[in-house]
Colleague: 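Got a structure for you, questions after.
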Amino acid sequence: QVQLVESGGNLVRPGGSLRLSCAASGFSLDYYPIGWFRQAPGKEREGVSYIEKNPDTTYYADSVKGRFTISRDDAKDMVYLQMNSLEPEDTAVYYCARRTHYRPGYSWSFLAEYGDWGQGTQVTVSS
C-alpha cells in the first residue's frame with residue numbers, strides 16, 4: 001500500500017539547519033509531485049514547499065523562500081527538505097504528501113489536492 005514516512009525532525013537552535021526526509025513506497029514516486037506541509041500547535045496545516053515530477057520545478061511558501069530547499073531522488077524513492085536559518089516560527093510537525101489531484105485553479109498548497117500523507121516529524125526551533 002502507499003506509504004510516506006518522514007524523518008529527520010529534531011530540536012535545533014535558531015539559525016541552525018535540519019534535513020527532513022520523506023521515504024515513499026507502494027507507488028512509483030517519479031509519477032507524482034510531492035508537497036511538504038507543516039502544522040504548528042493551534043494553527044492550520046500550511047504548505048511549505050512543493051516539487052513537480054520534473055525536479056527543476058519547485059515552489060515555496062514566502063515564509064521559507066531562500067531558507068528551505070526541496071529536492072527528490074526518484075531512484076531512491078526519497079524526497080528531501082533542507083531547512084537552513086531556522087527560526088522559532090518554523091516549529092511545527094512537518095508532513096510530506098503525494099499530490100493525487102490536479103483541479104483547475106487549485107494551487108499546490110491546497111490540502112485537498114493530496115490523497116496520501118505521512119505521519120509527520122516534529123521540528124522544534126528553540127534556544
Colleague: When rounded to the nearest 0.5 angstrom, what distance separates OG in Ser71 from CG in Leu81?
Modeller: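 Answer for the OG-CG pair, Ser71 versus Leu81, is 8.5 Å.
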Colleague: Let me confirm one number: the NE2-OH distance from His101 to Tyr106, rounded to the nearest 0.5 Å.
Modeller: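 Here the interatomic distance stands at 10.5 Å.
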Colleague: How long is the gap from CZ on Arg38 to CZ on Arg45, to the nearest 0.5 Å?
Modeller: 13.0 Å
Colleague: Would you say NZ of Lys43 has more than 12 non-hydrogen atoms from neighbouring residues, nucleotides or ligands within 6.0 angstrom?
Modeller: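 No - once you tally the heavy atoms of other residues, nucleotides and ligands closer than 6.0 Å, there are 12 at most.
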Colleague: Group every Ile, Leu, Val, Met, Phe, Trp and Tyr by side-chain heavy-atom contacts under 4.5 Å, then state whether Phe37 and Tyr32 land in the same group.
Modeller: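 No; Tyr32 is not reachable from Phe37 via cluster members.
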Colleague: Within a reach of under 6.0 Å around OH of Tyr59, are more than 12 heavy atoms found that belong to other residues, nucleotides or ligands?
Modeller: no
Colleague: Which pair of heavy atoms, one from Ala40 and one from Thr91, lies closest together, and at what distance?
Modeller: CB-O, 3.6 Å
Colleague: Out of Thr69, Val64, Leu20, which residue meets the side chain to side chain contact (heavy atoms under 4.5 Å, CB included) rule with Met83?
Modeller: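 So the option named by the test is Leu20.
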Colleague: Please check: side-chain N/O of Thr58 versus main-chain N/O of Ile51, any donor-acceptor pairing under 3.5 Å?
Modeller: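 No, the answer is negative, given that no donor and acceptor are paired below the 3.5 Å cut-off.
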Colleague: Going through the checks in order, is the side chain to side chain contact (heavy atoms under 4.5 Å, CB included) test met by Trp108 and Glu113?
Modeller: CA-CA 7 Å; Trp108 65 268; Glu113 292 289 285; over 6 Å; no
Colleague: Hey, any chance Tyr50 and Val123 share a hydrophobic cluster, counting ILVMFWY side chains that come within less than 4.5 Å of each other, even indirectly?
Modeller: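 Different hydrophobic clusters.
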Colleague: Kindly give the heavy-atom pair with the smallest separation between Arg13 and Ser127, and that separation in Å.
Modeller: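 Residues Arg13 and Ser127, closest heavy atoms: NH1-O, 3.2 Å.
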Colleague: Near Tyr31 OH, under 6.0 Å, is it more than 12 heavy atoms from other residues, nucleotides or ligands?
Modeller: no
Colleague: Give a yes or no answer on whether the side chain of Asn10 reaches the backbone of Val12 with a donor-acceptor pair at less than 3.5 Å.
Modeller: no
Colleague: How long is the straight-line distance from CG of Leu18 back to OH of Tyr94, given to the nearest 0.5 Å?
Modeller: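 Rounded to the nearest 0.5 Å, the OH-CG separation comes out at 9.0 Å.
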Colleague: What pair of heavy atoms forms the shortest contact from Ile70 to Tyr60, and how long is it?
Modeller: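 For Ile70 versus Tyr60, the nearest heavy atoms are N-OH, 2.8 Å.
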Colleague: Look at the side chain of Arg103 and the backbone N and O of Ala112, then say whether any donor-acceptor pair between them is shorter than 3.5 Å.
Modeller: yes
Colleague: If you look at every heavy atom in Thr100 and Gly115, which pair is closest and at what distance?
Modeller: OG1-N, 3.0 Å
Colleague: Checking Asp90 against Phe68 for the side chain to side chain contact (heavy atoms under 4.5 Å, CB included) test, could you report, in this order, the C-alpha distance in whole Å, the side-chain angles of both residues, the deciding distance, and whether it holds?
Modeller: CA-CA 11 Å; Asp90 297 316; Phe68 290 11; 4.0 Å; yes
Colleague: Under the 6.0 Å and 45° cation-pi test, does Arg19 pair with Tyr80?
Modeller: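 Pair Arg19/Tyr80 counts as cation-pi.
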Colleague: For the pair Val5 and Gln119, evaluate side chain to side chain contact (heavy atoms under 4.5 Å, CB included) and give the outcome as yes or no after the intermediate values.
Modeller: CA-CA 7 Å; Val5 180; Gln119 84 291 344; 4.2 Å; yes
Colleague: Is Val48 linked to Phe110 within one hydrophobic cluster, defined over Ile, Leu, Val, Met, Phe, Trp and Tyr using a side-chain heavy-atom separation of less than 4.5 Å?
Modeller: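 No: no chain of side-chain contacts under 4.5 Å links Val48 to Phe110.
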Colleague: Give the C-alpha distance, both sets of side-chain angles, the deciding distance and a yes or no for side chain to side chain contact (heavy atoms under 4.5 Å, CB included) between Trp36 and Val79.
Modeller: CA-CA 9 Å; Trp36 279 99; Val79 179; 3.7 Å; yes
Colleague: What are the two closest non-hydrogen atoms of Ser109 and Gly47, and how far apart are they?
Modeller: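 Smallest interatomic distance, heavy atoms only, reads CB-CA, 4.3 Å.
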Colleague: Minimum heavy-atom separation for Arg98 and Phe27, please, with both atom names.
Modeller: CD-CE1, 3.4 Å
Colleague: Tell me, with the steps shown, if Ser126 and Thr124 meet side chain to side chain donor-acceptor pair (under 3.5 Å).
Modeller: CA-CA 6 Å; Ser126 175; Thr124 303; over 6 Å; no
Colleague: Got a donor-acceptor contact below 3.5 angstrom from the Arg72 side chain to the Leu29 backbone?
Modeller: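 Yes.
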Colleague: State whether the side chain of Glu6 and the backbone N or O of Cys96 hold a donor-acceptor pair below 3.5 Å, judged by distance alone.
Modeller: yes
Colleague: To the nearest 0.5 Å, what is the distance between CG (Leu11) and CD (Gln122)?
Modeller: 9.5 Å
Colleague: Between the side chain of Arg99 and the main-chain N/O of Pro33, is any donor-acceptor distance below 3.5 Å?
Modeller: no
